[in-house]
Protein chains: 2
Amino acid sequence: MARRGLSRAAVVQTAARLADRDGYDALTLGAVAAAVGVRPPSLYNHVEGLAGLRRDLALAGLTELGERIRDAAVGRSGEDALLALADAYRAYAREHPGVYRALQRAASPGDDEIAAAGARLLEPVFAVLAGFGLEGDAGIHAARALRSALHGFVELERVGGFGIDLDLDESYRFLVRAVAAGIGA
Amino acid sequence: MARRGLSRAAVVQTAARLADRDGYDALTLGAVAAAVGVRPPSLYNHVEGLAGLRRDLALAGLTELGERIRDAAVGRSGEDALLALADAYRAYAREHPGVYRALQRAASPGDDEIAAAGARLLEPVFAVLAGFGLEGDAGIHAARALRSALHGFVELERVGGFGIDLDLDESYRFLVRAVAAGIGA
DNA sequence: GAGGGTAAACTACGAATGTTAGTTTTAATC
DNA sequence: GATTAAAACTAACATTCGTAGTTTACCCTC
């Protein structure tokens, strides 16, 4: 009955907290509604159903991850920049496993906001790679390689895919250094 | 009423077909039951609910992917073996997107069958890396790096994460060559 | 060949979730 | 103070997973 002063941002923020805490798969409208003190149908006044909430979560995550990466890369270059960028990427995924999973969804064709956030995220990456002399198609191939490596590691770490008991920080550094050396050659 | 002569293998095979065709998220007991000509509760005679079906699907996928990788690596070494192994990995993921996603689930602690299938899959990988002089901890770091790179690329390709229109086969070869060069250095 | 046991199917039901429809209440505006 | 729009509500429905209890078909033994 009473207006709760709810907003889309508040709903998405709560959803992010729940997804990070309980897992992306456990993100339900019922759980979000209970967390913000409202009945599930009321959420439809702010987000477009569960699908819309997931999309909004992806956008928020893409934006924040992009800011983190930009901050990490600023003022650095070469392997130094690559390592800082990679650390920022992995740190975000570890802090926000639920949101990280949300932002991995395919960009719906025609969703300009998502596309723009993705493009902004790539800017500092291309800038760092240009420092390696990689531009044009080579820059794109290199960006794809770097993104694949970082995403693959982070994803496998997230699902517990690394069974053997050997320091993961070292493995990550090994991976990033190998990619840095490989794309330079 | 009448016995359909159903078996676990038949149920899992049908589930694999549906998951590859309609997506892993669309895999429901109702859909599988309809495909094999049975009511949903009857599936419980063969698999342990949806969770059990997913686990069985993961095991089947792990086993088949392991065989593909072993076949690809046999008789090769060095970068040649690495490229063949990588191609087999990506080919399987493209042919069986639903099963590939199923086998990505975290290995439940105590599930020896899953653990064994995972270990078998790693054997040829370690063998190839040993050819690079990478053994012990270095071999593990390298295996993690390789797996991260392949999984990351394949996963991003699967969800349509590569937006730019530039040949993906070339990007994949670039990635594998970069990792091969990087872990050798 | 008859009878019993087991496997495998069924119907019926309940719980969780997402969603829509229609209603009511609050708050802002004229 | 009356009107209107936003935002909440209740009620209801569809889908899906899962369980309980029942029935039927096949196989093995006697």
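Below, each value reflects all heavy atoms present in this structure, side chains not excepted, and no hydrogens, waters or symmetry copies. All chains are named by letter (A, B, ...) in the order of the sequence lines, taking the proteins before the strands, and each is independently numbered beginning at 1.
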B/Arg54 has an atom CZ; how far is it from atom C1' of D/dC17, in whole Å?
10 Å
Of the listed C/dA8, C/dG18, D/dA8, the closest approach to the B/His46 side chain comes from C/dA8
Nucleotide C/dT17, atom P - distance to CG of A/Leu27 in whole Å:
12 Å
Counting heavy atoms from C-beta on, name the nucleotide in D/dT19, D/dC9, C/dT19 closest to the side chain of B/Tyr44.
D/dT19
Report yes if a donor N or O on one partner sits less than 3.5 Å from an acceptor N or O on the other, where the partners are the side chain of A/Asn45 and the base of D/dA6; otherwise report no.
no
Of the listed C/dA9, D/dC17, D/dA8, the closest approach to the A/Val38 side chain comes from D/dA8
Would you call the rings of B/Tyr100 and B/Tyr89 parallel, tilted or perpendicular, taking 30° and 60° as the class edges?
perpendicular
Show your working on salt bridge (Lys or Arg N to Asp or Glu O under 4.0 Å) between B/Arg94 and B/Glu157 and close with a plain yes or no.
CA-CA 9 Å; B/Arg94 287 166 67 120; B/Glu157 184 178 19; 2.5 Å; yes
Could you state the CG-P distance from A/Leu43 to D/dA7, rounded to the nearest angstrom?
13 Å
What side-chain donor-acceptor pairs closer than 3.5 Å can you find for residues 25-43 of chain B, not counting sequence neighbours?
residue, atom, partner, partner atom, Å
B/Asp25, OD1, B/Arg101, NH1, 3.3
B/Asp25, OD1, B/Arg101, NH2, 3.1
B/Asp25, OD2, B/Arg101, NH1, 3.1
B/Thr28, OG1, B/Ala31, N, 3.0
B/Ser42, OG, B/Arg39, O, 3.4

When rounded to whole Å, the CG to P distance for the pair A/Leu50 and C/dT20 reads 12 Å
Roughly, in whole Å, what's the span from CD in B/Glu48 to P in D/dC17?
16 Å
Residues A/Leu168 and A/Phe153: closest non-hydrogen pair is O-CZ, 3.5 Å
Any donor-acceptor N/O pair, A/Arg8 side chain to A/Val47 backbone, under 3.5 Å
no
Just the rounded figure in Å: distance from P of D/dA25 to CG of B/Leu6.
17 Å
A/Glu123 atom CD, over 12 foreign heavy atoms within 6.0 Å:
yes
Whole-Å distance separating the CZ atom of A/Arg8 from the C1' atom of D/dA6:
15 Å
What does the list of N/O pairs under 3.5 Å between the protein and nucleotides 11-15 of chain C look like, with a distance for each?
none

